[in-house]
Protein chains: 2
Amino acid sequence: MDATQTIRALSALAQEHRLAAFRLLVEAGPDGLAAGALADALGIPASSLSFHLAQLSNAGLVSQRRVSRSIIYAADYAAMNGLLSYLTENCCAGGLCAPATTAERIAS
Amino acid sequence: MDATQTIRALSALAQEHRLAAFRLLVEAGPDGLAAGALADALGIPASSLSFHLAQLSNAGLVSQRRVSRSIIYAADYAAMNGLLSYLTENCCAGGLCAPATTAERIAS
DNA sequence: TCCATGATTCGATAAATGTGGAAATATCGA
DNA sequence: TCGATATTTCCACATTTATCGAATCATGGA
């Protein structure tokens with residue numbers, strides 16, 4: 001992941017509704033959630049959500065697939081991994097500020 | 001770190017010049033860099049850089065101290081750690097997308 | 001085919017962000 | 001004190017971003 005792509009991903013997550021939507025999608029797992037379900041959960045109009053989902057999609061953070069009349073969105077874990085890797089490698093002093101991994105957190 | 005603070009930090013890094021500035025500060029280490037040195041390195045006017053540094057400062061990602069006529073900025077690793085921790089804990093599926101730590105990367 | 005449903009696109013508008021010159025502030029050396 | 005240096009603040013302006021109703025598109029059932 002290069003700097004430009006990183007900025008796109010950071011911008012995508014740097015917004016209240018989009019960060020909330022992404023968290024819901026992460027929580028939902030690979031099955032994802034329909035756009036309508038997300039709009040309900042977030043309490044925002046469908047057109048507003050559509051705008052935000054387009055940004056997350058453009059940043060490569062979510063994938064979408066049509067199922068009947070619904071469009072199901074799902075978090076792209078690889079993209080998130082790429083973002084975290086970039087930040088850890090380029091914005092940390094040799095890993096000095098790298099957070100513990102899940103395994104390490106559980107062990108502590 | 002809560003969602004609001006996370007969004008502030010993500011917004012601060014989601015901009016070409018600010019991400020570049022932060023990377024330079026991380027590279028510079030605890031000694032940091034003077035505002036003028038950053039402006040030269042980035043090739044932007046002092047007033048523009050000052051605006052960006054204020055955002056990074058507001059997000060808690062950098063600290064500043066005056067040394068004679070210069071104001072020295074330095075990356076705040078703890079804040080960056082907090083951001084990465086939040087993203088790993090809230091935006092990853094149980095650590096599924098957590099990147100390897102530096103030690104793990106070196107070992108692999 | 002016709003209608004209902006789920007979602008996106010369009011368009012207008014409001015708000016926030018980025019830019020950079022000029023003026024103001026702080027510090028140092030002579 | 002005076003002038004030079006380093007930086008920030010102020011200001012006007014252009015650009016981008018966010019909001020949301022209305023119109024449009026796609027799908028499935030009767």
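To find a chain, count down the sequence lines: A is the first, B the second, and so on, and within it residues start at 1. Note that these values count all heavy atoms, side chains included, but never hydrogens, waters or copies made by symmetry.
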Check your understanding: When you match I72(A) and S11(B) each to their closest nucleotide on DNA chain C, which lands nearer the 5' end?
Key ->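 Looking at the nearest nucleotide for each, I72(A) comes out on the 5' side.
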
Exercise for review: Enumerate the residue pairs fulfilling ring-ring contact (aromatic ring centres under 6.0 Å, His included) with a member in residues 5-60 of chain B, sequence neighbours excluded, ordered by first and then second residue.
Suggested key: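 Applying ring-ring contact (aromatic ring centres under 6.0 Å, His included) to every pair that reaches into residues 5-60 of chain B, excluding sequence neighbours, yields H17(B)-H52(B).
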
Check your understanding: Where along nucleotides 19-30 of chain D does protein come under 4.0 Å, by heavy atom, of base (B) or sugar-phosphate alone (S), with - for untouched nucleotides?
Key -> BBBB----BB--

**Study point:** Side-chain donor or acceptor of S57(A) paired with backbone N/O of L53(A) under 3.5 Å
**Key:**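 Checking the backbone N and O of L53(A) against the side chain of S57(A), no donor-acceptor pair under 3.5 Å is found.
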
**Study point:** Over all atoms of both residues, closest heavy-atom pair of A34(B) and S70(B)
**Key:** CB-CB, 4.1 Å

Review point. Which atom names give the shortest non-hydrogen contact between R18(B) and L56(B), and what distance separates them?
Key: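 Scanning both residues completely, I find the closest heavy atoms to be O-CD1, 4.0 Å.
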
**Study point:** dT7(D) OP1/OP2 closer than 4.0 Å to side-chain N/O of Q64(B)
**Key:**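 Q64(B) to dT7(D) OP1/OP2: no side-chain N or O under 4.0 Å.
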
Check your understanding: Given dA6(D), is OP1 or OP2 found less than 4.0 Å from the side-chain N or O atoms of Y73(B)?
Key ->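 Result: no.
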
Review point. With sugar-phosphate meaning primed atoms plus P, OP1 and OP2, does S70(B) contact a base, only sugar-phosphate, or nothing at under 4.0 Å between heavy atoms?
Key: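 Sugar-phosphate contact only - S70(B) comes under 4.0 Å of backbone atoms but never of a base.
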
Exercise for review: Using the test side chain to side chain donor-acceptor pair (under 3.5 Å), find all partners of R23(B) that sit at least two apart in sequence or belong to another chain.
Suggested key: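 Per chain and number, R23(B) pairs via side chain to side chain donor-acceptor pair (under 3.5 Å) with Y86(A), N90(A).
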
Study note, to complete from the structure: In the 5' to 3' direction, the nucleotides of DNA chain C bounding the stretch that comes under 4.0 Å of a heavy atom in chain A are dA4(C) to dT9(C)

Exercise for review: Rounded off to whole Å, could you give me the CG-to-P distance for the N58(B) and dT9(D) pair?
Suggested key: 12 Å

Point to revise | L49(B) CG - dA6(D) P separation (whole Å) | key: 14 Å

Are [X] and [Y] close enough that some pair of their side-chain heavy atoms sits under 4.5 Å apart?
X      : Y      : value
L83(A) : M80(A) : yes
C92(A) : L84(B) : yes
L19(A) : C91(B) : yes
L61(B) : D76(B) : no

Review point. If Ile, Leu, Val, Met, Phe, Trp and Tyr residues are connected whenever their side-chain heavy atoms lie under 4.5 Å apart, and connections chain through other members, are L25(A) and I72(A) in the same group?
Key: no

**Study point:** Residues from residues 27-39 of chain A lying under 4.0 Å of DNA chain C - heavy atoms
**Key:**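 Heavy-atom contacts with DNA chain C come from A34(A), A35(A), G36(A).
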
Distance-only check: which donor-acceptor pairs under 3.5 Å involve side-chain atoms of residues 1-9 of chain A, not counting sequence neighbours?
{"from": "D2(A)", "atom 1": "OD1", "to": "Q5(A)", "atom 2": "N", "distance (Å)": "2.9"}
{"from": "Q5(A)", "atom 1": "OE1", "to": "R8(A)", "atom 2": "NE", "distance (Å)": "3.2"}
{"from": "Q5(A)", "atom 1": "NE2", "to": "A59(A)", "atom 2": "O", "distance (Å)": "3.0"}
{"from": "T6(A)", "atom 1": "OG1", "to": "D2(A)", "atom 2": "O", "distance (Å)": "2.8"}

